[in-house]
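The first residue of the sequence shown is numbered 1, and numbering continues consecutively from there. Start at 1 and go down the list; that is how both ligands and their atoms are numbered.
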Amino acid sequence: MSLKTVSLPSNYNYIACFLTLDCNIRCDYCINSHNSERRPLRQTISGDKWVAGLNRIDCLADIPITFQGGEPSLHPDFIRIIKNIRKDLNIDILTNLTFDIDVFIKEIDPRRLSRGASYPNIRVSYHPGYMDLTLLMKKILKMQDAGFSVGVYGILHPRIKNEVLLAQDICLKANIDFRVKEFLGRYDNKLYGTYLYPEAIGNQRRKSCLCRTTELIIGPNADVFRCHHDLYKSFAATGNLLDPEIAISNNFRECVEFGDCNPCDIKIKTNRFQVFGHTSVEIKDIAEEKVRVYPKSSIRG
Ligand code: SF4
Ligand code: SF4
């Protein structure tokens, strides 16, 4: 399958490739199910189609394709996709590291996943209560010995914060990079997270606005979404990476879901240069909705 090049707008900062939204762990604080029941998982596409779609992308070398999910290694062609992506496209992976690392080490050249960034290219999420830290550390050290750039991050959810900080201490002493992220969302009636538009989440009252993103968000069937809210809630895609005519837009789009945004989209974070103060989307012209517009045609089951 040969498809014409798809260029990213110059303000884009991130490429998120959700090979699958399925996961073999069920963390109760998972951001993928923020403010919603888990949805039926959308169909995934074959490895060949992923390779054809991703190999169209024209982007700066410091914007890697970040495989994530769910758990990206659950895609049956996970390794084949990594091996067949164009060599000038860099790759990062967000994973819970439950996959068979011996097969991974045998099949993948560690140089394929090392671009000298200021953070590890394979970032493993640690979830106390769902994972054995000792086992996880053994796997990470084995991958490091094989030449891979691997680190851990933990979420400072108030219920598990102390366990995460203890795990961080243990890992750092074992020379394993371990970073922490703030918890995003509500717990015990308190909203956690640092947001550029605080009224955009957990608000019963929806407003209309104009919104544009700096991220290419690609769902499991190669649909492209304007934000994480739309991906997780199965709103209409703005296009599909396998569509011969797709073009990635930098334009503001109308949205009537302001108030129900996903925390990932509006939190203040670091950009790819590790400079703090970046937010995935830019929102303007926020206005009260006179009539709640929720066109059925814009929602997929
Ligand atoms: S491992 Fe990650 S994707 Fe899977 S349920 Fe936990 S937080 Fe969600
Ligand atoms: S306003 Fe919120 S829900 Fe609407 S497109 Fe922007 S981030 Fe997504």
Practice problem: Starting from the C-alpha separation in whole Å, work towards a yes-or-no answer on side chain to side chain contact (heavy atoms under 4.5 Å, CB included) for Ile176 and Val150. | Solution: CA-CA 8 Å; Ile176 295 174; Val150 195; over 6 Å; no
Self-check item: Heavy atom of the protein closest to atom 2 (Fe) of ligand 2 (residue, atom name, distance)
Solution: Cys261 SG, 2.3 Å
Exercise. Spell out, yes or no, whether Leu89 and Ile79 are grouped together once hydrophobic residues are joined by side-chain heavy atoms under 4.5 Å, including indirect joins.
Key: yes
Quiz item: With a cut-off of 4.0 Å, which atoms of ligand 2 are near a heavy atom of His229?
Solution: 3 (S)
Quiz item: For atom 3 (S) of ligand 1, which candidate among Gly70, Ser125, Pro72 holds the nearest heavy atom?
Solution: Gly70
Quiz item: Can you tell me if Gly69 has a non-hydrogen atom under 4.0 Å from ligand 1?
Solution: no
Self-check item: For His127, atoms of ligand 1 separated by under 4.0 Å from a heavy atom
Solution: 1 (S), 2 (Fe), 6 (Fe), 7 (S)
Practice problem: Please tell me if the side chains of Tyr195 and Leu184 come closer than 4.5 Å, counting only heavy atoms from C-beta onward. | Solution: yes
Quiz item: Once the angle between the rings of Phe67 and Phe78 is folded into 0 to 90°, is it parallel (under 30°), tilted (30 to 60°) or perpendicular (over 60°)?
Solution: perpendicular
Self-check item: For atom 4 (Fe) of ligand 2, the option (of Cys264, Cys227, Cys255, Ala200) bearing the nearest heavy atom
Solution: Cys255
Exercise. State if Cys209 counts as touching ligand 2 under the rule of any non-hydrogen atom under 4.0 Å.
Key: yes
Exercise. May I ask you to check whether Tyr187 and Tyr29 place their ring centers less than 6.0 Å from one another?
Key: no
Exercise. Considering only non-hydrogen protein atoms, determine which one is nearest to atom 6 (Fe) of ligand 2 and report residue, atom name and distance to 0.1 Å.
Key: Cys211 SG, 2.4 Å
Exercise. With heavy atoms of Cys23 as the reference, note each atom of ligand 1 found under 4.0 Å away.
Key: 1 (S), 3 (S), 4 (Fe), 5 (S)
Quiz item: Under 3.5 Å, is there a donor-acceptor pair linking the side chains of Asn55 and Asn84?
Solution: no
Quiz item: Between the side chains of Thr194 and Glu182, does any donor sit under 3.5 Å from an acceptor?
Solution: yes
